[in-house]
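Here is the structure we will look at.
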2 protein chains.
Amino acid sequence: MARSPKREKLLEATKELLWEVGFEAMSPRDIQERSAARPGSLYHHFSSKLALAGEAMREIAEQDVARINAFFAEEGPPLEIVQRYLELKRDSVRGCRFGRLVNEASIQHDELRGPVNAFFNAIRENLTLKLKQAKEEGALPATVSPEALAVSLLALIQGGAVLARAYQDETLYEQATQGALALLREAADKAHEQAS
Amino acid sequence: MARSPKREKLLEATKELLWEVGFEAMSPRDIQERSAARPGSLYHHFSSKLALAGEAMREIAEQDVARINAFFAEEGPPLEIVQRYLELKRDSVRGCRFGRLVNEASIQHDELRGPVNAFFNAIRENLTLKLKQAKEEGALPATVSPEALAVSLLALIQGGAVLARAYQDETLYEQATQGALALLREAADKAHEQAS
DNA sequence: GTCTATAGGGGGATAGAC
DNA sequence: GTCTATCCCCCTATAGAC
């Protein structure tokens, strides 16, 4: 692979801007200024702003999915891992860089939708697996559907980020997860009582 | 107040476009075409695109808050009203027109932030009140914080809308609420057992 | 592979006639 | 109150020298 300093700088700048302002609000000029690269470099390495953003999102998703898989591969009781995942520190006031894109028109393009869906799928699948294991161990009531609850928890994280941004206050995110964790603990308690 | 057909048409068109594409992606030209009004009309009635959008959001928020308050004022067991609120049909694939704005740069302007916060506050406050009542009746465990759980449920709704849009599939929203409702029922059961 | 210069089009808004 | 005509600026991209 030919090393191209400007190509890397362009990707770095694009990753930052996609998080800060999203795709539509990020102009090629913004990218060029932040990466100290000129139009010639941008359009030499990428065919369009969309292609550049697509590659940037692809790289971010690949990294994040790997980290998520690693987190859920840790040792420990399944339900505890789920709880720890919800309690992970997140920069919630900045919002989720994947979630923020779903409201842009450009999400219809495969280049952006692909990475976003890969990210959501990774979380959903890992959560579903752990919740299934928890249920088999009797750590969750029989009435609970692991698939549905996984979607609930993913929605909780996404919605928590929306509220933290709306109020510009991290504690909204924390309240959202704490409220859910309290319910989860009650359900787990009840399951254990019934098992014994 | 002088009746101005064009003023009303402009507001109607703006309300639609704010939902469909958001604030940044909506150009004055788009508004003009949809409302069959010309620049002269727009800038006669409103000082800027932001002022027009602000008035549109203010009217929507006012309406929605009234409907929310009416819904939560209905008769019935508090927890049941909360459950019914979560099960309300929503056009989730279109997303939440308030939630979608929090990722736009323009949310920093009071004209837009005000209505968005008014909407979120109304839901939060109504949910908190009903959950407090439910807890007092012994329909929720003592470990559950009504304030935190209200934020969780609001986050769930917002996140459910994000996922439904991401996957272009209403059932994601429904899974999110069903998973949460199952947990809520388990917690309610446990509270009732302990009370008896 | 990176640069400078430039193009076509649309964004947000204003002026002034009617 | 509504219209037409027009302005300036930035958005995205291309051409072609180095």
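Within every chain, numbering begins at 1; the chains are lettered A, B, ... in the order of the sequence lines, protein sequences first and strands thereafter. Being a predicted model, the structure only gives us computed values, none of them experimental.
Between the NZ atom of A/Lys9 and the P atom of C/dC3 there is a distance of 11 Å, given to the nearest Å. Distance CZ (A/Arg7) to P (C/dG1): 10 Å, rounded to an integer number of Å. One interatomic measurement links the two molecules: CG of A/Leu10 to C1' of D/dT12, which rounds to 15 Å at whole-angstrom precision. Protein atom NE2 of B/His44 is 8 Å distant from nucleotide atom C1' of D/dT2, rounded to whole Å.
In the model, A/Asn103 has no side-chain atom that pairs as donor or acceptor with a side-chain atom of B/Asn103 under 3.5 Å. A donor and an acceptor atom, one from each side chain of A/Ser35 and A/Glu12, are nowhere located under 3.5 Å apart. Using modelled atom types, one finds no donor on one side chain facing an acceptor on the other under 3.5 Å when comparing A/Ser152 with B/Gln175.
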Subject >> Where protein sits on nucleotides 4-18 of chain C, one letter per nucleotide: B base, S sugar-phosphate only, - none, heavy atoms under 4.0 Å >> reply: BB-----BBBB----

**OP:** Please assess A/Glu20 against A/Arg34 for the test salt bridge (charged side-chain N to carboxylate O under 4.0 Å, His left out), listing each intermediate value before the final yes or no.
**Re:** CA-CA 13 Å; A/Glu20 288 173 26; A/Arg34 190 172 295 212; 2.9 Å; yes

**OP:** I would like to know whether B/Phe120 and B/Phe98 meet ring pair (Phe, Tyr, Trp, His ring centres under 6.0 Å); could you show each step before the answer?
**Re:** CA-CA 8 Å; B/Phe120 286 154; B/Phe98 297 96; 7.2 Å; no

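Between D/dG1 and B/Ser4, a contact under 4.0 Å exists linking OP1 or OP2 to a side-chain N or O.
A salt bridge does not link B/Glu186 to B/Lys190: none of the charged nitrogens lies less than 4.0 Å from a carboxylate oxygen.
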